[in-house]
Amino acid sequence: MKNKLTNANFPMDVEGRVYHVGVKRGETANRIITVGDHVRARRIAKLLDGPEVKGRTVFELVSQRGFTTFTGTYQGVPVSIIAIGMGTPMVDFLLREIRACVEGPIAIIRFGSCGSLNALAGCGDMIVPSGAYSITRNYDHFLDGHDTEPAYHFSKVFDADPTLSRLLAASLTATLTANTSGCKVITGGLNATADSFYSTQGRSDPAFRDDNERLVEEILPRERPGTDALEMETAALFHLARCANPKNPVRAAATMMVFANRVTNEFITPEVVDLLEPAAGKAVLEALIKVELEQEHPEKGSVWE
Ligand code: R1P
Ligand code: URA
C-alpha cells in the first residue's frame with residue numbers, strides 16, 4: 001500500500017482504495033467471477049472484449065496482499081474476474097471490500113476446483129452445488145482432557161442463488177458438451193468448505209495429530225448426505241451473501257472443476273486443466289452476463305467505459 005490509510009474501522013487510502021484488494025470505485029463491476037488461482041483468472045480475462053470493442057485494454061491490478069483483479073466487458077457487459085488465493089478469510093476480504101467499491105446489487109460466481117466425493121463426478125467433471133456448509137477443526141478437541149468433544153464441526157447449509165445456479169448449470173452443460181470430450185455437469189448436491197486442504201478434508205498426515213480417519217468416509221456422509229464437493233471457500237461466500245444488507249443484495253453461485261477424486265484417489269492432469277479451464281470460464285462468463293440485476297449503477301469514469 002503506497003498511500004496513507006484513513007478510517008481504522010474500514011481502511012481506505014486517500015484515493016478510496018480498499019486495504020487488501022486494492023481497488024477503488026469504478027475498478028470493479030457488479031458482476032464478478034472469483035477464482036483461487038491467478039493463472040485461471042488471467043485465462044478467463046483473455047476471453048473479455050478486446051480493444052476493438054471499447055477502445056481500451058482490460059484493466060488489471062495486483063494488490064500487495066495477492067488479490068488480482070481484471071475488469072472489462074464480455075459481450076459489452078461489465079465484468080470483473082478476481083483471484084483471491086485460498087481459504088475463507090480471503091472470501092471475507094473480497095466480498096466486504098468489493099461491496100464498499102460497488103454501488104447496487106452484486107452477482108458473484110465462484111469458479112474453483114475441488115475434491116469429489118461422488119463416484120459419478122470424476123476428474124474433469126464440473127459440480128454446481130445447490131448449497132454449501134463449512135467443516136472446521138475444533139481446536140479444543142486437541143487439548144488434554146477434551147478429546148471426547150468432536151474434532152470437527154459441521155455448519156448448517158447455506159443456499160446458492162437458485163436463478164444464478166440454474167443459469168450456470170445450463171451454460172456449463174451447453175458449452176462443455178460442445179468443447180470438451182465427455183465432461184459431465186453434476187447439479188443439486190452440496191459442497192463442503194473445509195478450513196484445511198489436509199485435516200478437514202480427511203487427508204492423513206503422520207506429521208500431525210488430526211483424528212480425522214473417519215471424517216470423510218463415515219462422519220461426513222452421515223452428517224451431510226448428498227455432498228459432492230470438498231473445497232475451501234464456497235460456504236463463506238454463500239453465508240456472507242445471505243448476510244448482505246437486502247437493500248444492496250449479493251447473489252452468489254458456484255461451480256467447481258473436479259481436480260481430485262477422493263473415491264478413486266485420482267488427480268487431474270495439467271492437459272485436462274488446460275482444456276477445461278477456458279471452456280468452463282467462458283460458460284461462467286455467459287451465465288454471469290445473463291442474470292438480471294436491478295439498479296446496476298455504472299460508475300462515472302469507470303475502467304470499462
Ligand atoms: C486448494 O488446492 C485450493 O483449490 C480449491 C480450494 O478451494 C482451495 O482454494 O479452489 P481454487 O482452485 O479456486 O483455489
Ligand atoms: N481443492 C480442494 O480443496 N481439495 C481437493 O481435493 C482438490 C482441490
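Here the structure is a predicted model, which is why all the values come from computation and not from measurement. One-based numbering, in listed order, for ligands and for the atoms of each.
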- prompt: Are Phe154 and Ile219 side-chain neighbours, meaning at least one heavy-atom pair lies under 4.5 Å?
  reply: yes
query: With a 4.0 Å cut-off on heavy atoms, is Arg110 touching ligand 1?
result: yes
task: Would you mind checking if Lys24 and Asp13 are paired as a salt bridge, meaning a charged N to carboxylate O distance below 4.0 Å?
output: no
Under 4.0 Å to a heavy atom of Ala260 - the qualifying atoms of ligand 2, by number: 6 (O)
- line: The protein heavy atom nearest to atom 12 (O) of ligand 1 is Ser113 OG, 2.6 Å
message: Quick test of your reading of the model: are Arg203 and Asp205 salt-bridged, counting only N-O distances below 4.0 Å?
response: no
query: Can you tell which of Arg262, Arg203, Glu231 gets a heavy atom nearest to atom 6 (O) of ligand 2?
result: Arg203
Ligand 1 contacted by Arg40 (non-hydrogen, < 4.0 Å): yes
query: Is Glu233 close to ligand 1, meaning an N/O of one under 3.5 Å from an N/O of the other?
result: yes
Validation row: Thr73, Val79 side chains within 4.5 angstrom (heavy atoms): no
Those atoms of ligand 2 less than 4.0 Å from some heavy atom in Phe197: 1 (N), 2 (C), 3 (O), 4 (N), 5 (C), 6 (O), 7 (C)
task: Would you mind running through ligand 2 and noting each atom that sits below 4.0 Å from a heavy atom of Cys114?
output: 1 (N), 5 (C), 7 (C), 8 (C)
- line: Only residue of Ile32, Leu48, Thr71 satisfying side-chain contact (heavy atoms from CB on, under 4.5 Å) with Ile81 is Leu48
- prompt: Under 3.5 Å between some N or O of ligand 1 and some N or O of Val35?
  reply: no
message: How far is atom 14 (O) of ligand 1 from the closest protein heavy atom, and which atom is that?
response: Gly36 CA, 3.4 Å
field: cation_pi(Arg40, Phe111) dist<6.0 Å, angle<=45
entry: yes
query: When you look at Gln201 and Arg262, which way does the side-chain contact (heavy atoms from CB on, under 4.5 Å) test go after all the steps?
result: CA-CA 10 Å; Gln201 295 193 27; Arg262 300 299 304 281; 3.9 Å; yes
Close-contact set for ligand 2 against Gln201 heavy atoms, below 4.0 Å: 2 (C), 3 (O), 4 (N), 5 (C), 6 (O)
- prompt: Do we get Arg224 above Tyr133's six-membered ring, with its NZ or CZ under 6.0 Å from the centre and within 45° of the axis?
  reply: yes
task: With heavy atoms of Met232 as the reference, note each atom of ligand 2 found under 4.0 Å away.
output: 3 (O)
query: Salt-bridged, Lys282 to Glu286, with N to O below 4.0 Å?
result: yes
statement: Atoms of ligand 1 under 4.0 Å from any heavy atom of Gly112, numbered from 1 in the order shown, are 13 (O)
- prompt: Going by the atom numbers of ligand 2, which of them fall below 4.0 Å from some non-hydrogen atom of Leu230?
  reply: 2 (C), 3 (O), 4 (N)
- line: closest protein heavy atom to atom 5 (C) of ligand 2 is Gly115 N, 3.3 Å
field: Charged N-O contact under 4.0 Å between Asp210 and Arg137
entry: yes
